[in-house]
Amino acid sequence: MQVAVVTFDGFNELDSFIASALINRCRADGLEAFVTTPTPVVTSMNGVEVTGQRPMEFVTEAEVVLIGSGVRARDVVADDRLVSRLRLDPSRQLIGAQCSGALVLARLGLLEGMPACTDNKTRPFVEARGVTVPDAPFHAEGNIATAGGCLASQYLATWVITRTLGEAAARDVLDYVAPVGENRETVDRALRAVQTGAGAVR
């Protein structure tokens with residue numbers, strides 16, 4: 001199972017790298033994430049240059065697609081050519097968005113009739129597109145999920161791992177990366193956020 005972590009110029013390192021790192025701890029179980037970019041190299045909001053592992057067209061074959069956040073999200077959704085490369089299918093793919101990535105899902109028409117989580121700075125722009133934004137870090141309906149706040153990317157990764165490999169796999173990953181001495185509360189908090197945001201994890 002392949003995960004495309006879509007990463008644009010101006011990306012937030014926390015949003016792309018936390019999700020990728022957590023998911024890639026499941027490689028041995030057949031789940032692997034790839035930083036997926038529209039150009040061979042993208043530059044983060046802090047000037048970090050990253051070479052993409054997969055081109056944007058990879059989103060059509062990945063089983064999971066996560067849209068990352070960044071300071072140029074509004075430029076992304078205004079670029080018809082770039083948006084047209086995001087051919088997503090929620091009937092066969094798990095699709096998630098981190099923070100301002102929700103703007104991209106809204107632009108693609110994937111948030112119609114459902115609320116979406118995002119960061120506080122992006123919230124008014126998401127609401128301007130007719131999407132309700134709850135005061136919550138994570139929300140999922142069916143095969144679509146959104147997370148708000150940089151550190152909520154762990155919840156998006158937890159959702160992906162739980163949906164593809166099961167809760168036990170998610171617990172193992174979270175327990176490994178948890179701050180020493182805070183393992184149980186870290187695992188419980190992430191799973192609770194996902195279960196609450198999804199109503200029930202399937």
Side-chain angles (χ1 to χ4, degrees), residues 1-6 11-33 62-69 90 93-106 110-123 126-127 131-202:
M1 293 174 285
Q2 301 182 109
V3 181
V5 180
V6 179
F11 73 94
N12 183 316
E13 300 95 332
L14 292 173
D15 293 349
S16 289
F17 295 158
I18 289 176
S20 294
L22 293 179
I23 291 169
N24 278 331
R25 291 194 174 276
C26 298
R27 280 196 190 104
D29 295 316
L31 183 65
E32 188 169 9
E63 286 81 10
V64 182
V65 179
L66 301 181
I67 308 294
S69 179
Q93 295 174 305
L94 295 181
I95 300 170
Q98 177 66 40
C99 290
S100 61
L103 275 175
V104 179
L105 295 193
L110 296 176
L111 297 179
E112 294 180 8
M114 67 178 286
C117 296
T118 190
D119 62 280
N120 290 329
K121 287 186 177 180
T122 306
R123 180 172 187 158
V126 174
E127 290 176 332
V131 179
T132 300
V133 178
D135 289 319
F138 179 83
H139 181 78
E141 291 186 19
N143 287 343
I144 298 177
T146 52
C150 299
L151 295 182
S153 55
Q154 64 182 299
Y155 303 153
L156 204 55
T158 298
W159 176 73
V160 169
I161 296 168
T162 302
R163 286 290 305 268
T164 55
L165 299 176
E167 184 178 304
R171 284 184 176 276
D172 287 344
V173 170
L174 292 164
D175 183 71
Y176 187 90
V177 302
V180 173
E182 298 180 1
N183 299 70
R184 182 171 180 177
E185 62 191 87
T186 299
V187 172
D188 289 348
R189 181 175 59 250
L191 289 173
R192 183 170 59 249
V194 169
Q195 291 164 353
T196 299
V201 176
R202 293 179 293 278

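It should be emphasised that the depicted structure is a prediction, and the values quoted were computed from it without experimental measurement. As a basis for the values below, the full set of heavy atoms in this structure was taken, side chains included, without hydrogen atoms, waters or symmetry mates.
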Could you list the donor-acceptor pairs under 3.5 angstrom formed between side-chain atoms of residues 96-106 and any protein atom two or more places apart in sequence or on another chain?
residue: Gln98; atom: OE1; partner: Ser153; partner atom: N; Å: 3.4
residue: Gln98; atom: NE2; partner: Gly149; partner atom: O; Å: 2.8
residue: Ser100; atom: OG; partner: Ser69; partner atom: OG; Å: 2.7
residue: Ser100; atom: OG; partner: Gly70; partner atom: N; Å: 3.1
residue: Ser100; atom: OG; partner: Gly70; partner atom: O; Å: 3.2

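- The CG atom of Asn143 lies 11.0 Å from the CG atom of Leu110; values are rounded to the nearest 0.5 Å.
- Taken from CG in Leu14 to CD in Gln154, the straight-line distance is 11.0 Å, to the nearest 0.5 Å.
- The residue from Val173, Leu174, Val194 that alone fulfils the side-chain contact (heavy atoms from CB on, under 4.5 Å) condition with Ile161 is Val173.
- Here Arg189 contributes atom CZ and Thr186 contributes atom OG1; the two are 5.0 Å apart, rounded to the nearest 0.5 Å.
- Residues satisfying the salt bridge (Lys or Arg N to Asp or Glu O under 4.0 Å) test with Glu13, not counting sequence neighbours, are none.
- Within 6.0 Å of CG on Asp175 lie more than 12 heavy atoms contributed by other residues, nucleotides or ligands.
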Using a 3.5 Å cut-off and no angle test, enumerate the donor-acceptor pairs between side-chain atoms of residues 17-31 and protein atoms at least two apart in sequence or in another chain.
residue: Ser20; atom: OG; partner: Ser16; partner atom: O; Å: 2.9
residue: Asn24; atom: OD1; partner: Ala33; partner atom: N; Å: 2.7
residue: Asn24; atom: ND2; partner: Ser20; partner atom: O; Å: 3.3
residue: Asn24; atom: ND2; partner: Ala33; partner atom: O; Å: 3.3
residue: Arg27; atom: NE; partner: Glu32; partner atom: OE2; Å: 3.1

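- Partners of Arg123 under the salt bridge (Lys or Arg N to Asp or Glu O under 4.0 Å) rule, at least two apart in sequence or in another chain, are Glu127, Asp135.
- Taking the side chain as every heavy atom from C-beta outward, Thr162 and Gln195 never approach each other to under 4.5 Å.
- Going from atom OH of Tyr176 over to atom CG of Asn183 covers 12.0 Å, rounded to the nearest 0.5 Å.
- Between Thr132 and Val126 there is no side-chain heavy-atom pair separated by less than 4.5 Å.
- Rounded to the nearest 0.5 angstrom, Gln2 CD and Glu63 CD are separated by 6.0 Å.
- A 6.0 Å sphere centred on CD of Glu112 holds no more than 12 heavy atoms belonging to other residues, nucleotides or ligands.
- Looking at heavy atoms from C-beta onward, Val131 lies out of side-chain contact with Pro115 at the 4.5 angstrom threshold.
- A heavy-atom distance below 4.5 Å is not found between the side chains of Val64 and Gln93.
- Contacts of Arg184 classified as side chain to side chain contact (heavy atoms under 4.5 Å, CB included), with partners at least two apart in sequence or in another chain: Asp188.
- Take Thr122 and apply the side-chain hydrogen bond (donor to acceptor under 3.5 Å, both in side chains) test, not counting sequence neighbours, and it matches Asp119.
- Note that OG1 of Thr146 is 12.5 Å distant from CD1 of Ile95, once rounded to the nearest 0.5 Å.
- Residues Ile144 and Leu111 meet the side-chain proximity criterion, which asks for heavy atoms closer than 4.5 Å.
- In this structure, the side chains of Leu94 and Trp159 come closer than 4.5 Å at one or more pairs of heavy atoms.
- Under the 4.5 Å side-chain criterion, counting only non-hydrogen atoms from C-beta, Cys117 is not in contact with Pro137.
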